[in-house]
Q: 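First, the structure itself, so that you have it in front of you.
Along the sequence shown, residues carry numbers from 1. Just so you know, ligand 1 is whichever comes first in the structure, and atom 1 is the first atom listed for that ligand.
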Amino acid sequence: MSQALPLPPVVRSVAALRAQLAEWRRAGDDIALVPTMGYLHQGHMALVRYGKATCRRVCATLFVNPAQFAPTEDFQTYPRDEAGDRAKLAQAGCDLLYAPTTEEMYPEGFATRITVTGVAEGLCGAFRPQMFGGVATVVTKLLNQASPDVAVFGEKDYQQLLVIRRFVRDLDLPVRIDGAPTVREPSGLAMSSRNAYLSAEQRAQAPELFAALTAAAESLARGGGPVEAVLGAARQRIVAAGFASVDYVELRDAETLATIDRVVRPARLLAAARIGPARLIDNVAVVPPAAV
Ligand code: AMP
């Protein structure tokens with residue numbers, strides 16, 4: 001039987017966070033930060049394990065960030081389970097959980113917002129105009145609060161990862177940003193806290209999002225085309241599977257997210273689609289035909 005590991009201590013204020021991290025730093029330990037909105041699954045756990053393999057100490061953060069939700073979105077109903085999250089974090093070797101209150105993050109009078117252009121525009125930026133400004137603001141705060149050596153984010157949120165890399169570079173934040181691969185259910189469905197919104201029927205339909213992206217990526221890697229026809233077939237397949245609508249299926253440059261109509265460098269297929277009460281996102285790599 002696997003032994004229960006000690007629960008990571010929880011701190012809720014910037015002062016308590018800094019006190020603990022300063023103690024570790026004095027002892028010569030390096031620190032990885034893993035920001036999350038909680039309701040943790042194996043995808044989050046992989047980031048924590050990655051952090052632990054990279055640095056001596058891992059601090060996970062749990063904060064459902066109101067600044068990245070539009071008033072019509074699911075901030076109020078976003079699933080929350082701090083006790084369950086803490087138990088999972090213990091199993092992944094997490095050393096500290098930072099779960100600040102909203103007042104700690106956004107005290108009375110808070111008036112600053114980080115805006116990222118370029119890579120934050122289009123794709124999810126077009127459908128959720130609130131989101132990346134909110135993400136950039138909260139991640140900048142978390143990085144300043146913890147001053148980690150490394151911060152770990154999932155490729156599942158590919159555009160978000162590139163947005164974070166962009167403002168970290170632009171603002172000269174002294175931290176390394178590492179991306180970790182998407183963790184999937186055996187069906188191929190990317191793990192997501194929002195999968196909890198799906199009914200049994202929708203959960204059976206949802207893996208078609210990944211299947212459609214994988215088929216399109218394979219076609220493009222074989223030199224199939226034209227690109228718009230391949231993307232159109234993927235959109236049709238997603239709707240045929242039972243998704244109510246497709247926000248986008250797009251082919252972009254893997255580094256800049258620039259729109260492309262040919263794959264000559266590493267590219268990425270990205271998609272967002274709505275099923276029942278959930279909006280699911282996913283993405284896959286596309287290898288240039290010559291490199292296959
Ligand atoms: P969230 O709690 O959804 O805001 O996600 C917190 C972090 O976990 C982000 O860096 C996400 O990209 C990452 N993440 C979420 N789902 C997965 C997954 N299935 N595989 C890998 N990383 C993930």
Q: One residue to check: His41. Relative to ligand 1, which of side chain, backbone, both or neither has a non-hydrogen atom less than 4.0 Å away?
A: side chain
Q: I want to confirm something. Looking only at heavy atoms, which of Phe153, Tyr78, Tyr50 is nearest to atom 3 (O) of ligand 1?
A: Tyr78
Q: Measure Ala46 to ligand 1 on non-hydrogen atoms and call it side chain, backbone, both or neither using the 4.0 Å cut-off.
A: neither
Q: Examine Val183 against ligand 1 and note whether any of their N/O atoms are separated by less than 3.5 Å.
A: yes
Q: Under 3.5 Å between some N or O of ligand 1 and some N or O of Val152?
A: no
Q: Mind checking whether Met37 has an N or O less than 3.5 Å away from an N or O of ligand 1?
A: yes
Q: Report yes or no: is the cationic atom of Arg80 (NZ for Lys, CZ for Arg) closer than 6.0 Å to the six-membered ring centre of Tyr39, at no more than 45° off its axis?
A: no
Q: Of the side chain and backbone of Ser192, name the one, both, or neither that has a heavy atom under 4.0 Å from an atom of ligand 1.
A: neither
Q: Tell me: protein heavy atom nearest atom 13 (C) of ligand 1, and distance?
A: Leu47 CD1, 3.6 Å
Q: Looking at ligand 1, does any of its N/O atoms fall within less than 3.5 Å of an N/O of Asp157?
A: yes
Q: By salt bridge (Lys or Arg N to Asp or Glu O under 4.0 Å), which residues pair with Arg56, not counting sequence neighbours?
A: Asp29
Q: Hey, does Gln42 sit under 4.0 Å from ligand 1 if you only count heavy atoms?
A: no
Q: Name the closest protein heavy atom to atom 9 (C) of ligand 1, giving the residue it belongs to and the distance to 0.1 Å.
A: Gly154 N, 3.9 Å
Q: Please list the nearest protein heavy atom to atom 21 (C) of ligand 1 with its residue and the distance rounded to 0.1 Å.
A: Pro181 O, 3.5 Å
Q: Applying a 4.0 Å heavy-atom criterion (strictly less than), which segment of Leu161 is in contact with ligand 1: side chain, backbone, both, or neither?
A: neither
Q: Nearest protein heavy atom to atom 23 (C) of ligand 1, by residue and atom, and its distance?
A: Lys156 CB, 3.9 Å
Q: For a side chain to side chain donor-acceptor pair (under 3.5 Å) check, start with the C-alpha distance between Glu73 and Tyr78, then their side-chain angles and the critical distance, and finish with the verdict.
A: CA-CA 9 Å; Glu73 292 180 344; Tyr78 196 84; over 6 Å; no
Q: Taking 4.0 Å as the limit for heavy-atom contacts, which would you say applies to His44 with ligand 1: side chain only, backbone only, both, or neither?
A: side chain
